[in-house]
Every structure is written in structure tokens, then in C-alpha cells.
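Heads up: the structure comes next, in C-alpha cells.
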Amino acid sequence: MSFYKFPNDFWWGSASSAAQSEGASLAEGKAPTIWDHWFEQQPWRFFDGVGPADTSTFYQNYKSDIQLMKQLGHNSFRTSISWARLIPDGVGAVNPKAVEFYTNMIQELKNAGIEPFICLFHFDMPLVMQEKGGWENREVVDAYVEYTKTCFDLFGKDVRYWFTFNEPIVPVEQGYLYDAHYPNVVDFKRAVQVAYHTMLAHAKAVSAYHHSHEHGQIGIVLNLTPSYPRSSHPSDEKAARMADLLFNRSFLDPAVLGQYPQELVQLMADYNVAPKTEPGDSELLRLGKVDMLGVNYYQPRRVKARLNAINPDGPMLPEWFFEPYEMPVRKMNRYRGWEIYEKGVYDILLNLKENYGNIPCYISENGMGVEDEQRFIVNGQVQDDYRIEFIRNHLIWVNKAMTEGANCRGYHLWTFIDCWSWANAYKNRYGFVALDLKTQQRTIKKSGNWIAQVARDNGFDSGDN
Ligand code: BGP
């Protein structure tokens, strides 16, 4: 039996976000985000009509939740700060209650020996900022940078790992291309502008941090989705390259290399969707290179060359350049509709090693959302052997990449406790800890006991389950 050994200082933990876990959504001085607003407008868009006010009460229960994290063997935990809670008007005065909450929460983590990883924006645009045009408006970029500076000033002495954004492509694709998040726009050119301004905001925040708090590190969390062609036919391979360019390199290159891929710049120009820029932007991007990278990995993207002509009168979409491909006999998480392909995490890590200077990185999210987990309860505990298998199989590939030189420093599961998942609300459960929605009672699942052991041993053996 072999033992999959991880370094002694490997980061074991989980990730969450303010909007998905804090609760107290419109209380304690917090202003509405686009999620509060969208829920008010279109509650039917949310699974079972559960909105952002009903998330898992971390705001009230953070102390006992952090004790639970300790029981899970966490030495690190990522969550985010809510801009709308900290600075309710978007710019200007801070909310003292928010300062108190985040200060205490961060301190509580540190007291428990858990390194806080703090993300500054996780899909939760303050409504006042969206009313100004959101990321389409450069004023919002500057407001965001001021907000991040406030965070560095307030919490910088206790936080060593910062992240400017979580999955910045998600608000672009879901909000401006596929009508799945507010503001439900379908417009490629506007999507490009949003993407570009997000990366400018990122770069400016990185520079601001480097100027003020040299002792820590700042990065970004990207959902990297490796693109696999249906076949090695050149047209399928081209389709995969285009998907990679649009969905991965559009954020990965500026974040790590400080510039956009020339091929992407050309493509945007050819289709007349290039963003509005200002002199000096390239230099800003160059200065915005990250110290480290968080990698969220859930599923691969399989594509093939387009078989059907595009409708030139329809809206431009990324799918103009490829078609999704359903590989026969793929392994699926059917609750979420996502393919499970563990080797993808290895391919990402080796790509970072070979093409991105082997930047320090960690798996900042990976996980498996499962519906109706109550059916797996035996003696009061969810027996989520499928989740253990999912994590193990991914960790085996992470381990292999590391033995081949990949610079991976940790693994965080999405998520600590079952949480509110945007429009899917509580449909799929992801946590190491089960949440009873009615009583708010927390119970560690079997996977929680398992990860605690793995974290203690810094690994597991091949027969372990
Ligand atoms: C990631 C997000 C998380 C989380 C997770 C699970 O994209 O960073 O916020 O929600 O996905 O996905 P979902 O909630 O869509 O099931």
C-alpha cells in the first residue's frame, strides 16, 4: 500500500464567501447587494424561493463554527469580506459593526491556529455600485480599489493571504452572456468591458497592496477549466484552444503574466468588441501580477469544432468558436450536471508549472454538491462516502503533480458547511458539515472526520477510505 504524502506545511481547509454564509443580509448596517435586489425582483429564479437573507448564520455563529473547523483539522480557511457590509454606501464611511465582526472573526481564526485567507470580492456587487453601471463604469473600479485599501488598513496586520477576486469570469459570463445572474444582460461587448475593468481593478488593488503591506501576499482565485478537444483533428484542437483563450487565459494571463494574450486582443478587435481602454492601462496590468494563485477546479470543458453555422443575426457568444462536446461514458455529478474528471487538476497544475513560471498556487475550491443528502444519514451522520472518494481521487492527482514539481501549497474544499449557492440556494449540499436549515444545527459528516485524519497525517494511504 502506498502513502500519498503531502508537505508538513500543506494548507488543509475549506472555502466560503460572505454572501453565501454570513446571513444577516440586510441587518447590522449592511447595504443590499445585487443578490438582495435580484431576489426581491425575481424570487422564482432561486431554488425553493430561498434568498440571500437565509444563509448559514456565520455572522452569529462564527465562534462555534471556527471550533468546528478546528475539529476538521483546518489550518487555513478562506472567506470573503462583504463590500456592502463594510462600506454601505460603496464609498466613504465604514460600518463599525462590520469592522467589529471581521476583526473578531479573523482574530478567532488566528486564535484557533487557522490562517485566514481573505477574498475581497466574491460575486457580491453592492447595489449602489451596480446602479452606477457596475464593472462597466470605471468609477466603480476606483471605488473598489479604495475599498480594498480600507481592508488592507483595517485587517492587514492579521491577514497574510489576500485575494482580489473569486472567479472574476463568473459575473462576466453569468451576468453578461448567459442570463444566469443579475443584471441578466446578453451582450458580448459589454461582457468584455466588464472583464477588462475587473482585471484593472484587480491590478490596481495588487499594486496598492504591494505599496502598503509587503509582509503578506496577494493573489486572485480563478476557476480554471481545462479545455479538451473531442479529437486530435486540427479543427477540434482549434476549438479547444479558443475555449481556453476565452475562458482561462482571458484572466490567467493578465493575472500571472501581467498582459493579455495577443491572440485574444486580436480576436476582440476582429469582432469589434474590444474594451475601452485608457493610456497607462498596460502598465497598470503589468504591475498587477499576483504573488500566488488560487485555483478552483470543478469540471473540465470538452469541446468540438462547430458543426452548425452560427446565426449572424443572433447575439455573439463564446460558442461561436466551439461547440460543447459530451464525451460518451463520462463520469457525472448529475445533481450539479458537472463532469467529474480528476486528472483535470493535474493538467492545470502542470500547465501552471510549464507555462506560468510555476507560480505558487493552491487548490482554493474543489467539491461535490449533492442533492437530498438526508437520505444518507445513518445514526445522525451523513455518510458521504462519495465525497470522500471525490476528494481522495483529486488529491491523488494533486500529489502526482507535486511529485513532478508543481508548486501547489494546499487544498481547500468547497465548502466548510452546507451553504447558500446563489440561484441554486440550498439545492446541492457541499459541506464537510451538514446544516439543518430549520434548526441551524451543525453536524460533521463522515467526510469531515475523514479530512481531519488526512490533515493530521498530512496524507492518506491508497487503501484508506
Ligand atoms: C464556485 C463559487 C462558489 C460556489 C461553488 C459551487 O463557482 O466560487 O461560490 O457556489 O462554485 O457552485 P454552485 O454554487 O454553482 O453549485
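As the structure lists them, so they are numbered: ligands from 1, and atoms in each ligand from 1. Keep in mind the model is a prediction, meaning the values are calculated, not measured.
Of all atoms in ligand 1, listed by their number and element, those nearer than 4.0 Å to a heavy atom of Asn166 are 8 (O). Under a 4.0 Å criterion applied to the non-hydrogen atoms of His122, ligand 1 contributes the atoms 2 (C), 3 (C), 8 (O), 9 (O). Below 4.0 Å from some heavy atom of Trp422 lie the following atoms of ligand 1, by number and element: 9 (O), 10 (O), 14 (O). The atoms of ligand 1 that sit less than 4.0 Å from any heavy atom of Trp338 are 12 (O). Those atoms of ligand 1 that come under 4.0 Å of a heavy atom in Gln20, given as number and element, are 3 (C), 4 (C), 9 (O), 10 (O).
Distances from ligand 1 to the non-hydrogen atoms of Lys427 include no value under 4.0 Å.
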* Audit row: Gln107, Tyr102, side-chain hydrogen bond (donor to acceptor under 3.5 Å, both in side chains) steps and yes/no -> CA-CA 8 Å; Gln107 202 49 56; Tyr102 290 118; over 6 Å; no
* Which is it for Tyr144 and Trp135 under the ring pair (Phe, Tyr, Trp, His ring centres under 6.0 Å) test, yes or no, and what are the steps along the way? -> CA-CA 10 Å; Tyr144 166 83; Trp135 296 118; 5.6 Å; yes
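Taking a 6.0 Å sphere around CZ of Arg138, one finds it holds more than 12 heavy atoms contributed by other residues, nucleotides or ligands.
Rounding to the nearest 0.5 angstrom, the gap separating the CG atom in Asn296 from the CG atom in Leu293 is 9.5 Å.
Using cut-offs of 30° and 60° for the angle between ring planes, the His74 and Phe432 rings count as perpendicular. By the 30° and 60° cut-offs, the orientation of the rings of Phe322 relative to Phe247 is perpendicular. Under the 30°/60° scheme for interplanar angles, the aromatic rings of Phe58 and Phe101 are found to stand perpendicular.
The shortest N or O to N or O distance between Tyr430 and ligand 1 is under 3.5 Å.
The protein atom (non-hydrogen) at minimum distance from atom 15 (O) of ligand 1 is Arg336 NH2, 2.6 Å. From the protein, the heavy atom lying nearest to atom 5 (C) of ligand 1 is Tyr298 OH, 3.4 Å. With hydrogens left out, the protein atom closest to atom 2 (C) of ligand 1 is Glu365 OE1, 3.5 Å, a heavy atom. The protein heavy atom nearest to atom 14 (O) of ligand 1 is Ser421 OG, 2.6 Å. Protein heavy atom nearest atom 7 (O) of ligand 1, with residue, atom name and distance: Glu167 OE1, 2.5 Å.
In summary, of the residues considered (Phe10, Tyr411, Phe117), a ring pair (Phe, Tyr, Trp, His ring centres under 6.0 Å) with Tyr362 occurs for Phe117 alone.
At a heavy-atom cutoff of 4.0 Å, ligand 1 is contacted by no atom of Trp420, backbone or side chain. At a heavy-atom cutoff of 4.0 Å, ligand 1 is contacted by no atom of Val170, backbone or side chain.
Side-chain contact check for Thr443 versus Gln441: some heavy-atom pair is nearer than 4.5 Å.
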